[in-house]
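A short worksheet on the structure shown next.
Note that the coordinates shown come from a computational prediction; the quantities given were computed from them, not determined experimentally. Atom set for the values below is all heavy atoms of this structure, side chains included, hydrogens, waters and symmetry mates excluded.
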Amino acid sequence: MARVNRAAPEQAPLAAVSGNPNVGKSTLVNALTGLKQHTGNWPGKTVETVEGLCTIGEEAIRLADLPGVYSLFAHSAEEEEARDFLCFGGAQAVLIVCDGTCLERSLNLALQCLEILPRAVVCVNLMDEAARKGIRFSLPALQEALGVPVVAASARSRRGLKETVHAVEQVLREAPASPLTVRYCPAIERAAAQLLPHLQGLPQPGPSARWLSLRLLEPEEDWTARLTAFCDVLPDSAAVRQAAGEARAELAAEGVSPAMLQDLLSSRLVAESERLARIACAEPPEGAFDRDRKLDRLFTSRATGIPVMLLLLLFLLWLTISGANAPSALLSALGEQAETGLAELFAHLGAPDWLTGAIVHGMFRVLAWVVSVMLPPMAIFFPLFTLLEDFGYLPRVAFNLDHLFQKAHTCGKQALTMCMGFGCNAVGVTGCRIIDSPRERVIASVTNAFVPCNGKFPTLIAILTLFFAGSAPGGIVPALLLTGVLLLGVGLTFLVSRLLSATVLRGLPSSFALELPPYRRPLVGQTIVRSMLNRTVFVLGRAAAVAAPAGLVIWLLANTQAGGESLIARCAAFLDPLGRAIGLDGEILFAFVLGTPANEIVAPILAMSYLAQGSLRELALPELHGLLLANGWNGVTAVCMVVFTLLHWPCATTLLTVYRETKSLKWTALAFVLPTACGMGICFVIAAAARLCGL
């Protein structure tokens, strides 16, 4: 399903933008259209089709950024989405983005695109990186060989953009070109030729007759739903299907089975790509990739890969913890001043106390708390994470963890979705689209909440600092402890994924091609701005949207009396036996229940419950420590609180995202139950062991 930029008029011509993963395709589309897609230096970033508007003087062109794929033979959801859009999505031309540092691989996809749409432009991107590696091109020779315009670009530095868009505009205006036609083995060519007379006058825009003749040679059960629907509306669909059946029978008689057909097509495309690459560019000089190989020996070797990964994680957490304290305190003070001013305004307007309480001390206070707690760590963590992403490190994380995920019978790409989950579990669940296998995609989605999102960090950091860090300066002890907590979540992800693979989601792990992209120097300023807009502000806005209504509900529960007690106190009393059994108490459990809309508000709800106040209250760490001790907390309670903060049901946004991605209440319920059951089980064991030891 395409996501469309509302500024794009429907009457403007449509050009699809296709390319391998990690060739700068989305960066190019962003630069040409002004869209704000998140881009990154790792494969699988674009997981849906996004459409934007590119203007040339008074003319306009719609550009549809397709998922990055290596082939159009539709082995995965991304390949099917890209191929079907090129064929049946109304595209009148295709802009094929190639990687200048690895042109041969990109040309394989380019040849497949040319079979579908003769109106095409080939854009050789990343020319700046190719130049640094000493790779020299003869693009006019490539243009002559392909029979379509070929342009050079460096999208990140905005070079070659005008030439690219003018080339697209020109091919849309002119009659279709006659691009290079790849010739396959005689048996396939004869079979395809039998079908061509039945495929004259195909509806346009749409696939070429030659491409369709080759696809019809595949068994009907391998056709995509949109290809089947397209064939059904052809003027003489019955004759087409009969001719296709006869052609397949003749192929089989000549020894070409359905399994061999795709191999023969693929091998011919690979050979032609190699020939074109030799025409277009010289061999890179010796040592062109030495720097990447040296860094890979550090980041991906068995001896140093995992330790370096853990040290980087520790460094990120230390910077986040140390750097977030002062801005968080400043935002909290500003929020208190704003709340006081707002309360005075309500009093001046003569608003009743209940309205002031509900709006100011309920909705606004929760909103201010979420902003002060979430914004500083996100403003530090997300840009740092994005810099690592742009540098090209995240695929190395997936490489290091792939063997562990294979042992869990899942996909190594799950490591990438776990990394997204550290920022926001809902984003991590959405990112699971990059996993080809539906079974493994569900496993990654329902276990993503085992890694803590940004909203859980403040509670984890506060408890670890108050009860376990002592007076250690600099935030290094909380960072070490938090790293251990994160590793617990990652370890449980492996364990639960393996259990799911052995039970309700049985199956062998699928293989996948993981591209290790070249290391790139991040554009620091652009990365920080993009991260703040695309990630920090987006996630903060989504949290704020649920935090304000949650504040109203919390205020109502705290200020509605039943039998001489507030509803929040009665609910906490009801949950107290269960809470005590797992080393917590009823107030803690009910704080987690009320914190379902946003994990950030669990701690202030708990403080409000202990203080028996009618509204949330923020406490300084020493005050909070004293309040917790006064309500019976000890080391065991703190350990159970850390475990349950890490392992409990996902927030409402994440659960809604799981449902949207899986279209299944069953898997959404499983995403709720799995971390909760693990958290309660571990807490019960800890509490029982402590009671046996007399603690």
Side-chain angles (χ1 to χ4, degrees), residues 19-25 27 39-45 68-70 98-106 108 125-135 154 156 277 281-316 384-408 410-420 422 431 434-436 483 487 490 494 509-524 527:
N20 295 153
N22 205 51
V23 298
K25 182 171 50 65
T27 302
T39 60
N41 184 17
W42 53 280
K45 286 301 297 179
V69 295
Y70 293 103
C98 299
D99 183 353
T101 65
C102 191
L103 188 59
E104 179 184 315
R105 183 185 60 205
S106 297
N108 189 316
N125 193 28
L126 305 177
M127 292 294 284
D128 48 352
E129 291 187 20
R132 283 196 295 270
K133 295 180 185 300
I135 302 173
S154 297
R156 289 215 305 174
C281 61
E283 287 290 327
E286 187 175 351
F289 298 94
D290 281 354
R291 188 197 67 156
D292 287 6
R293 293 191 179 103
K294 289 177 181 177
L295 288 173
D296 276 339
R297 279 196 290 271
L298 173 66
F299 291 139
T300 63
S301 73
R302 291 186 177 181
T304 60
I306 298 293
V308 167
M309 183 176 68
L310 294 177
L311 286 173
L312 278 174
L313 176 61
L314 176 63
F315 178 68
L316 287 181
L384 291 173
F385 189 84
T386 307
L387 287 172
L388 283 179
E389 182 181 318
D390 283 359
F391 179 59
Y393 183 67
L394 286 192
R396 276 76 186 178
V397 173
F399 179 86
N400 291 332
L401 297 180
D402 178 55
H403 69 288
L404 295 175
F405 280 108
Q406 289 292 309
K407 289 181 179 179
T410 54
C411 178
K413 288 183 181 179
Q414 190 173 339
L416 300 175
T417 65
M418 274 203 320
C419 290
M420 297 182 201
F422 282 122
I434 66 175
I435 299 174
D436 298 338
T483 301
L487 292 179
V490 173
F494 291 130
S510 63
S511 60
F512 73 102
L514 175 65
E515 177 188 1
L516 296 182
Y519 294 97
R520 294 172 184 155
R521 182 184 305 165
L523 302 175
V524 178
T527 298

Rounded to the nearest 0.5 Å, what separation is found between the [atom1] atom of [X] and the [atom2] atom of [Y]?
| X | Y | atom1 | atom2 | answer |
| --- | --- | --- | --- | --- |
| Arg297 | Leu295 | CZ | CG | 9.5 Å |
| Asn20 | Asn108 | CG | CG | 8.0 Å |
| Ile306 | Leu311 | CD1 | CG | 11.5 Å |
| Phe315 | Leu388 | CZ | CG | 9.5 Å |
| Ser301 | Asp296 | OG | CG | 10.0 Å |
| Leu404 | Phe494 | CG | CZ | 4.5 Å |

Compare every heavy atom of [Y] with every heavy atom of [X], then report the nearest pair and how far apart it is.
| X | Y | result |
| --- | --- | --- |
| Thr417 | Gln414 | OG1-O, 2.8 Å |
| Val23 | Ser106 | CG1-OG, 4.3 Å |
| Leu313 | Thr483 | CD2-CG2, 4.2 Å |
| Leu126 | Gly100 | CB-N, 4.3 Å |

Point to revise | Heavy-atom donor-acceptor pair, Asn125 side chain to Asp99 backbone, under 3.5 Å | key: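 No; zero donor-acceptor contacts below 3.5 Å.
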Can you tell if the side chain of [X] reaches within under 4.5 Å of the side chain of [Y], non-hydrogen atoms only?
| X | Y | value |
| --- | --- | --- |
| Tyr70 | Pro21 | yes |
| Leu310 | Leu487 | yes |
| Val397 | Tyr393 | yes |
| Met309 | Leu401 | yes |

Exercise for review: With sequence neighbours excluded, tell me which residues meet side chain to side chain contact (heavy atoms under 4.5 Å, CB included) with Leu298.
Suggested key: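 Only Thr304, Val308 meet the side chain to side chain contact (heavy atoms under 4.5 Å, CB included) criterion with Leu298.
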